[in-house]
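Side chains are part of it too, since the values below use all heavy atoms of this structure and drop only hydrogens, waters and symmetry mates. Not measured: the values here are computed from a predicted model. Letters A, B, ... mirror the listed sequences (proteins, then strands); counts begin at 1.
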Protein chains: 2
Amino acid sequence: MSASAQKHDVFQAIADPTRREVLKLLAEKELPISEITSHFSISRTAIAKHLQVLSEAELVRGRKQGREKIYQLQLEPLKELKQFYDQFWTNRLSVLKHIMENPGESSLRVIESEKSQD
Amino acid sequence: MSASAQKHDVFQAIADPTRREVLKLLAEKELPISEITSHFSISRTAIAKHLQVLSEAELVRGRKQGREKIYQLQLEPLKELKQFYDQFWTNRLSVLKHIMENPGESSLRVIESEKSQD
DNA sequence: ATTATATAAAACCATTTGGTTTCATGTCAA
DNA sequence: TTGACATGAAACCAAATGGTTTTATATAAT
């Protein structure tokens with residue numbers, strides 16, 4: 001169910017630092033474009049475009065209320081990110097190798113918290 | 001420690017699907033450029049450039065051996081990805097809200113496996 | 001009815017990106 | 001020492017990206 005090849009996927013969407021910031025903002029609470037803009041030093045139009053990209057990736061959803069458009073964070077697509085991460089940082093050979101080659105690093109903690117997955 | 005603002009960070013590096021594929025390949029085992037190239041339909045030069053980007057993001061490391069350059073996956077930077085993910089998908093208000101608004105979804109499992117973090 | 005607000009849409013622009021092709025260089029094998 | 005192989009480097013190109021400014025439209029507020 002779902003998926004489909006939209007023009008912008010999650011990976012591209014979060015590639016831009018401004019976009020990541022916007023997401024952080026929206027994690028606190030939903031906001032209208034103008035208010036989001038006030039947190040940055042670029043034009044409202046630029047922010048609106050970023051929101052479009054995020055929207056295509058379904059990381060945000062915008063509903064129009066009165067004259068303003070309020071954007072809301074959508075967490076769902078972030079799971080794809082986790083999947084990607086897990087593909088590497090789970091009980092894989094690459095991880096074991098990594099540990100062997102990087103003694104005394106904080107890797108183990110990460111693995112501990114990950115291995116209760118599937 | 002580490003960090004520093006390199007030209008390419010992890011987020012940008014993994015934004016490209018080809019680059020993600022390359023990482024997957026290298027997760028199996030280290031490979032020379034030519035061999036990596038053989039898995040794609042684009043030129044060797046193009047792949048070499050992708051490897052440069054990945055290298056700048058420190059997601060791979062290349063050592064020269066004889067006439068070939070062998071690339072190896074580096075898992076470390078992927079942690080930044082996890083951090084980003086956790087920022088949203090951890091016991092945050094946004095997550096609770098998400099669950100309320102999306103009943104009967106697989107969200108809970110994700111949270112279960114995440115909450116043993118810090 | 002008029003004005004101010006909030007966004008939408010379009011045109012434009014410089015830079016970056018993801019490719020290519022071509023030429024140069026180092027290394028292995030015969 | 002002469003090819004063949006693996007990569008490096010440079011020049012070039014079209015399309016995408018991240019911005020801008022300008023113009024239009026809908027909704028509030030006075």
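- Between B:Ile42 atom CD1 and D:dA15 atom P the separation is 18 Å, expressed in whole Å.
- For B:Asp16 and D:dA16, the CG to P distance is 14 Å, given to the nearest whole Å.
- Within 4.0 Å of A:Gln12, counting heavy atoms only, lie sugar-phosphate atoms of the nucleic acid but no base atom.
- Contact detail for A:Leu26 and A:Tyr71: the closest heavy-atom pair is CD2-O, 3.5 Å.
- Distance, A:Phe11 CZ to D:dT17 P: 16 Å, rounded to whole Å.
- Put simply, B:Gln52 has no side-chain N or O that comes within less than 4.0 Å of OP1 or OP2 on D:dA9.
- One interatomic measurement links the two molecules: CD of A:Glu56 to P of D:dT17, which rounds to 9 Å at whole-angstrom precision.
- The nearest pair of heavy atoms linking A:Ala27 to B:Ser94 is O-CB, 3.6 Å.
- Boundaries of the chain B contact region on DNA chain C are C:dT17 to C:dC28, first to last in 5' to 3' order (nucleotide atom under 4.0 Å from a heavy atom).
- For the residue pair B:His98 / A:Glu76, a side-chain donor-acceptor distance below 3.5 Å is found, with atom types taken as modelled.
- Of all nucleotides listed (D:dG18, D:dT20, D:dG8), D:dG8 comes nearest to the side chain of B:Ile33.
- Here D:dT22 presents its C1' atom at 12 Å from CZ of A:Arg44, a figure rounded to the nearest Å.
- Rounded to whole Å, atom P of D:dA16 lies 7 Å from atom NZ of A:Lys7.
- Residue-level contact check: B:Ser34 touches the backbone only, with heavy atoms under 4.0 Å from sugar-phosphate atoms and none from bases.
- With DNA chain D read from its 5' end, the first of the two nearest nucleotides for A:Ser43 and B:Lys64 is the one closest to B:Lys64.
- For A:His8, a side-chain nitrogen or oxygen approaches OP1 or OP2 of D:dT17 to under 4.0 Å.
- Here D:dA16 presents its P atom at 15 Å from CG of A:Asp9, a figure rounded to the nearest Å.
- Residues B:Arg67 and B:Thr18 both approach DNA chain C. Their nearest nucleotides, taken by heavy-atom distance, put B:Thr18 toward the 5′ side.
- Stacking of A:Arg20 on the aromatic ring of B:Phe11 is recorded, both the 6.0 Å distance cut-off and the 45° axial limit being met.
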Point to revise | Trace of the side-chain contact (heavy atoms from CB on, under 4.5 Å) decision for A:Leu23 with A:Val60 | key: CA-CA 8 Å; A:Leu23 292 180; A:Val60 302; 3.9 Å; yes
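- Distance NZ (A:Lys49) to P (D:dG18): 10 Å, rounded to an integer number of Å.
- DNA chain D is contacted by both A:Arg19 and B:Tyr71; B:Tyr71 maps to the nucleotide lying nearer its 5′ end (nearest heavy atom per residue).
- Closest approach of B:Arg92 and A:Glu28 over heavy atoms only: NH2-OE2, 3.4 Å.
- Under the rule for a salt bridge (charged side-chain N to carboxylate O under 4.0 Å, His left out), A:Glu35 has no partner lying at least two apart in sequence or in another chain.
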